[in-house]
Amino acid sequence: MGDSGGSVASVDVERISFGGKEHHIQTNHGSISVAIYGDHDKPALITYPDIALNHMSCFQGLLFCPEAASLLLHNFCIYHISPPGHELGAAPILPSTPVASVDDLADQVADVLDFFGLDSVMCLGVTAGAYILTLFATKYRERVLGLILVSPLCKAPSWSEWFYNKVMSNLLYYYGMCNIVKDILLQRYFSEGVRGCPTELKSDIAQACRSFLDQRQCMNVWRFIQTINERKDLTENLKQLQCRTLIFVGENSQFHAEAVDMTAKLDRQYSALVEVQACGSVVTEEQPHAMLIPMEYFLMGYGLFRPSQRNCSPRSPLNPFCISPELLAPESMGVKLKPIKTRANLKP
């Protein structure tokens, strides 16, 4: 576990956007940005995004969903960790700085917990970020209360993923964040119904994401891709996890088969898979409403509560009868969204 004494320092930067506060922390494996939202006295929820994303482009859809925001911010203080150099306004990482390994990034998460004095935390990660938090959970098992993983990776890269990552790396290195790289990333994140075609983006989500990608430091993204492309297989360690795990995956995700396989490797008594129809990998942005009810039931297992009405006591336990009936209707997920299907019930 990283030692926080003396070697970890922080510079605070006030952020106007979304009311959070950003901290730049010097960990034992380099500098990292953490944006904090909520009451520090509440349990901690750690988030980690996918390649080329940060909390603004990976989790704002979920947190702009009023019911989900209420659920999460009522129960947690949220600590958004960005991959090195992925935060807004990031400077290029010096070329002389060694490329971090996946173990280095997992150890950075431990350094963040040490710095803020956090003991056990809930984790929410998307694809590459889900891999980092799963690795963190296998290395620091006593520090993870639970895992919420979205289209997670757990194996070494397949040949096709390795090839696509190499193509992106080479394009980023020589041409920067060009249109081909953006197209590859959008295919990674979203279903065809959301991203449309390169000449005509169908949704505001895809347009906003493309704009966010223009703000990334190309070589910082290149570094994270290099790291993820050298990751190791975690499947043998999954049975050692000591926490409940909730997995979401879009049925059109490039990593759907891996998420299903990962679920099969976990203890069935303490894990669940939620497949979101007509959705890509980044469910937090494409169909955040589909995550609400599964997360409510998942958090019930931890005795976490949320008032269902303004005049309801915060100590009232959340149960099926406290859930607003309209939330149980498929149409509550939005006109273009289809109902979700769930596998492997969590044991109460």
Side-chain angles (χ1 to χ4, degrees), residues 15 17-25 27 32-40 42-65 68-88 90 102 105-113 115-116 118 120-137 140 143-153 189 209 212 216 224 228 243-249 274 281-288 290-292 294-295 298-299 302 304:
R15 304 295 300 186
S17 55
F18 304 106
K21 187 172 184 180
E22 187 173 355
H23 300 252
H24 293 284
I25 299 171
T27 73
I32 197 168
S33 170
V34 183
I36 303 178
Y37 298 80
D39 184 350
H40 291 252
K42 292 182 178 180
L45 171 67
I46 303 294
T47 76
Y48 211 109
D50 192 19
I51 289 171
L53 302 178
N54 56 33
H55 73 281
M56 297 278 286
S57 49
C58 194
F59 298 104
Q60 73 169 0
L62 180 64
L63 293 176
F64 273 15
C65 173
S70 173
L71 174 70
L72 295 176
L73 289 171
H74 179 80
N75 287 296
F76 298 103
C77 180
I78 303 176
Y79 295 76
H80 292 294
I81 299 178
S82 292
H86 279 54
E87 68 274 13
L88 287 176
V102 288
L105 297 187
D107 291 341
Q108 279 187 334
V109 176
D111 285 343
V112 168
L113 269 59
F115 179 80
F116 290 108
L118 304 175
S120 297
V121 299
M122 189 72 70
C123 295
L124 168 60
V126 176
T127 312
Y131 177 92
I132 298 300
L133 293 181
T134 302
L135 176 59
F136 169 71
Y140 302 88
R143 307 197 75 172
V144 178
L145 291 171
L147 288 170
I148 303 174
L149 307 175
V150 180
S151 304
L153 307 175
Y189 303 150
C209 185
F212 272 116
R216 299 282 74 77
F224 193 25
I228 291 301
C243 62
R244 296 170 183 246
T245 305
L246 176 61
I247 295 177
F248 293 91
V249 66
V274 178
S281 295
V282 186
V283 184
T284 51
E285 291 295 311
E286 188 168 343
Q287 293 198 27
M291 299 179 64
L292 175 61
M295 286 197 303
F298 182 72
L299 296 179
Y302 293 89
L304 295 172

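Since this is a predicted model, take the numbers as computed values, not measurements. Sequential numbering from 1 along the given sequence is applied to the chain's residues.
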From Met295 atom CE to Met122 atom CE, the distance as rounded to the nearest 0.5 Å: 10.5 Å
Checking side-chain contact (heavy atoms from CB on, under 4.5 Å) against Cys123, which of Leu133, Leu145, Leu149 comes through? Leu133
Given the rule in the side chain to side chain contact (heavy atoms under 4.5 Å, CB included) test, do Val109 and Ile81 qualify, once you have shown the distances and angles that lead to the verdict? CA-CA 8 Å; Val109 176; Ile81 299 178; 4.2 Å; yes
Working to the nearest 0.5 Å, report the span between OG of Ser70 and CG of Leu292. 9.0 Å
Between Ile132 and Val102, is any pair of side-chain heavy atoms under 4.5 Å apart? yes
Applying side chain to side chain contact (heavy atoms under 4.5 Å, CB included), run through Asp50 and Val150 and close with a yes or a no. CA-CA 10 Å; Asp50 192 19; Val150 180; over 6 Å; no
Shortest non-hydrogen contact between Asn75 and Lys42, atoms and distance: O-CB, 3.9 Å
Sequence neighbours left out, what passes side-chain contact (heavy atoms from CB on, under 4.5 Å) with Leu63? Give chain and number order. Leu72, Ile78, His80
Main-chain N/O of Val34 paired to Glu87 side chain as donor or acceptor, under 3.5 Å: no
Under the rule for side-chain hydrogen bond (donor to acceptor under 3.5 Å, both in side chains), what residues qualify as partners of Ser281, not counting sequence neighbours? Ser253
Shortest non-hydrogen pair, His86 vs Asn54, comes out as O-ND2, 2.8 Å
How about Ile51 and Pro83: do any of their side-chain heavy atoms sit closer than 4.5 Å? no
Less than 4.5 Å apart, any side-chain heavy atom of Arg216 and any of Phe224? no
Heavy atoms only: give me the nearest Pro294-Ala290 pair and the separation to one decimal. CD-O, 3.5 Å
Compare every heavy atom of Tyr48 with every heavy atom of Ser82, then report the nearest pair and how far apart it is. O-OH, 4.5 Å
Distance from Phe298 atom CZ to Arg244 atom CZ, nearest 0.5 Å? 7.5 Å
Gln108 vs Pro84 side-chain heavy atoms within contact, under 4.5 Å: yes
Is any side-chain heavy atom of Phe59 less than 4.5 Å from a side-chain heavy atom of Val126? yes
Quick one: does Leu153's side chain get under 4.5 Å of Thr127's, heavy atoms only? yes
Atom pair CG/SG of Leu124 and Cys58 - distance to nearest 0.5 Å: 8.0 Å
I would like to know whether Cys77 and Asp39 meet side chain to side chain contact (heavy atoms under 4.5 Å, CB included); could you show each step before the answer? CA-CA 5 Å; Cys77 180; Asp39 184 350; 5.5 Å; no
State, to 0.1 Å, how close Phe136 and Leu113 come at their nearest heavy-atom pair, and which atoms those are. CZ-CD2, 3.7 Å
One pair to check against ring-ring contact (aromatic ring centres under 6.0 Å, His included): His23 and Phe116. What are the steps and the verdict? CA-CA 11 Å; His23 300 252; Phe116 290 108; 5.2 Å; yes
Quick one, Phe248 with Ile148, criterion side chain to side chain contact (heavy atoms under 4.5 Å, CB included). Give me CA distance, side-chain angles, the key distance, then yes/no. CA-CA 8 Å; Phe248 293 91; Ile148 303 174; 3.8 Å; yes
Can you tell me how far the CD1 atom of Ile32 sits from the NE2 atom of His24, to the nearest 0.5 Å? 11.0 Å
I need the minimum non-hydrogen distance between Tyr37 and His55, along with the two atoms involved. OH-NE2, 3.0 Å
Whether the side chain of Arg143 engages the backbone of Leu118 through a donor-acceptor N/O pair (distance < 3.5 Å, no angle test) should be reported. yes
Taking the side chain as everything from C-beta on, heavy atoms only, tell me whether Glu285 gets closer than 4.5 Å to Leu53. no
Could you pull out all residues at least two apart from Tyr131 that satisfy ring-ring contact (aromatic ring centres under 6.0 Å, His included)? none
Min side-chain heavy-atom separation Tyr79-Val121 under 4.5 Å: no
